[in-house]
Amino acid sequence: YRVTRWAETMRERLACSFASYMDPVRLPVLMTLLFGGHYSEIPKDIIHSFSVTGIIHILSVSGSHIALLFGFLYFLGKWLGLSMKVTVVPAVLLVLVYAAMSGFVPPVIRASLMGILAVIGVLLERGRTALNLLGTAVAGNPYFLFDISFQLSVCASAGILLFYEPLRHALALLGKIPPRICEGCALSTAAQILVLPIILYNFHSFPLYFIPANLIVVPLLEWVIIGGLLAALSSFLLMPLAGGILQFADYFLWAALRLNGFISSLPEASFEAGSLSLAEGILYYIGVAVFCFKRKWERKGKYLLAGVIFAGAILLLAEWAVRRE
C-alpha cells in the first residue's frame, strides 16, 4: 500500500511539474506513455486511433519501455567509464523503481522480470535462452495468465522470439527492401502472429495498417518516452532543463499523434473480423506449434498430423453442438 501511494504521489508531482511546459491535451498521453494509467484522461478519438492502427500497446508500460531504460542506463554507464558489474546494480534498482511507479501491472512485471534476468545472465556470462526467460516470467505469475494485457504481452514477446529471425531472413531474400525496413516489418508481423487469436476473441477486429504505424509512429513515440524519462529525472535536479526537454518531446508527440490519426483514417484501417471461438483459437495455436516445431517432430509427423486432425475434428464438433443460432 505504501509503495502504491508513493507511486501515485510521484506521478501526480511529475504531472503538475510537466503541465507548465506541455499542451494540456497531450500531457495525459505523455504520462500514459511513461507510466500508464491515465487512459480516462486521454481524448477518446486518440485512444480510438491507437486501437485502429494496432499500436495501443505502447500506451501500456511493457517490454519496450524496460528495454529503453536498460539501454539508456547501459550507455550512460559506458559513457561514464563504469564497468558492467558496477552498472548492473543501480540499473536493476532503477528498473524496479520504474516498475513500482508504473503500478506493477502485469505487462510491467513480465518485462521487468525478463529484463532483470537477462541482465544478470549477461553479468554472469551464463548461456541463456530468451524463451526460457519468458517462461520464467510466466511461471512466476500464474494468476496473471487470466489477465488479457498479460496474455497479449507474453504472446507478442513469444511471437517475436519465434518468428522474427525467419521473417527477417525471408524479407532479406527479396533483395529490394532496405535492411531497416525488413527488420521493422519482420518485428511488427512477428508480434502479431500469436496475439491474433486473443485480439479476435476479445475485440473482434484486426488492424490492417499495423506495419506502417509501427515503422513511422512508434519510433517517434519511443523518442517521446526517452525524452519524458529524461525530463522526469531532470525535474529533481534542474526544472528548466526538464522543461526544455519536454518542449522537444511535445513536438515529437504532436507529430506522432497527427501521423497516427492519418493512418487510422485510411479506408478499411480496422478489419471487422468478428469473434473467434475458443475451439478455433486452439486449432490456430496447434497449427502454429506444428509449424514451429516440425523439425523436431519429423519422425513422428504422421502420428502428429493424425492427432491434430482428430483433435481439431473433436473441437469443431463440440463447438457446433453447443453453438447457438
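Residues take their numbers from the sequence shown, with the count starting at 1. Side chains are part of it too, since the values below use all heavy atoms of this structure and drop only hydrogens, waters and symmetry mates.
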Worked verdict on Leu93 versus Val97 for side chain to side chain contact (heavy atoms under 4.5 Å, CB included): CA-CA 6 Å; Leu93 292 176; Val97 171; 5.5 Å; no
Do [X] side-chain atoms and [Y] backbone N/O form a donor-acceptor pair below 3.5 Å?
| X | Y | value |
| --- | --- | --- |
| Arg168 | Leu187 | no |
| Asn202 | Ile198 | yes |
| Ser235 | Ala232 | yes |

Hey, what do you get for [atom1] ([X]) to [atom2] ([Y]), rounding to the nearest 0.5 Å?
| X | Y | atom1 | atom2 | result |
| --- | --- | --- | --- | --- |
| Leu69 | Ile225 | CG | CD1 | 11.0 Å |
| Gln151 | Phe146 | CD | CZ | 9.0 Å |
| Arg258 | Leu253 | CZ | CG | 12.5 Å |
| Ile47 | Thr32 | CD1 | OG1 | 7.0 Å |
| Glu268 | Tyr209 | CD | OH | 7.5 Å |
| Ile263 | Leu208 | CD1 | CG | 12.5 Å |

Considering non-hydrogen atoms only, spot the tightest contact between [X] and [Y] and give its length.
| X | Y | answer |
| --- | --- | --- |
| Ala158 | Leu194 | CB-CD1, 3.7 Å |
| Trp254 | Arg26 | CD1-NH1, 3.4 Å |
| Val52 | Ala269 | CG1-CB, 3.4 Å |
| Phe18 | Met31 | CD2-SD, 3.9 Å |
| Ala91 | Leu73 | CA-CD1, 3.7 Å |
| Pro197 | Tyr284 | CG-CD2, 3.1 Å |

Hey, can you tell me if Tyr98 and His65 have their rings parallel, tilted or perpendicular (30° and 60° cut-offs)?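 Aromatic pair Tyr98/His65 classed parallel.
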Using the rule that two of Ile, Leu, Val, Met, Phe, Trp, Tyr join whenever any of their side-chain heavy atoms come within less than 4.5 Å, decide whether [X] and [Y] are in one cluster.
| X | Y | result |
| --- | --- | --- |
| Phe72 | Leu246 | yes |
| Ile46 | Leu27 | yes |
| Leu237 | Leu94 | no |
| Phe35 | Trp6 | yes |
| Tyr164 | Ile211 | no |

Any heavy-atom pair between the side chains of [Y] and [X] that's under 4.5 Å?
| X | Y | value |
| --- | --- | --- |
| Leu171 | Ile181 | no |
| Ser264 | His48 | no |
| His57 | Ile55 | yes |
| Thr189 | Phe163 | no |
| Trp223 | Ile226 | yes |
| Leu34 | Leu14 | no |
| Val217 | Thr53 | no |
| Ile216 | Phe262 | no |

How about [X]: does its [atom1] atom have over 12 heavy atoms from other parts shown lying under 6.0 Å from it?
| X | atom1 | answer |
| --- | --- | --- |
| His204 | NE2 | yes |
| Tyr21 | OH | yes |
| Phe236 | CZ | yes |
| Tyr285 | OH | yes |
| Phe248 | CZ | no |

Evaluate the criterion side chain to side chain contact (heavy atoms under 4.5 Å, CB included) for residue pair Ile199 and Gln192; output intermediate values, then yes/no. CA-CA 9 Å; Ile199 291 175; Gln192 298 290 338; 4.0 Å; yes
Evaluate Met22 against Leu30 for side chain to side chain contact (heavy atoms under 4.5 Å, CB included), listing each step before the verdict. CA-CA 9 Å; Met22 289 203 61; Leu30 175 66; 3.0 Å; yes
Test Ile148 against Phe203 for side chain to side chain contact (heavy atoms under 4.5 Å, CB included), laying out the working first. CA-CA 11 Å; Ile148 295 176; Phe203 308 114; 4.3 Å; yes
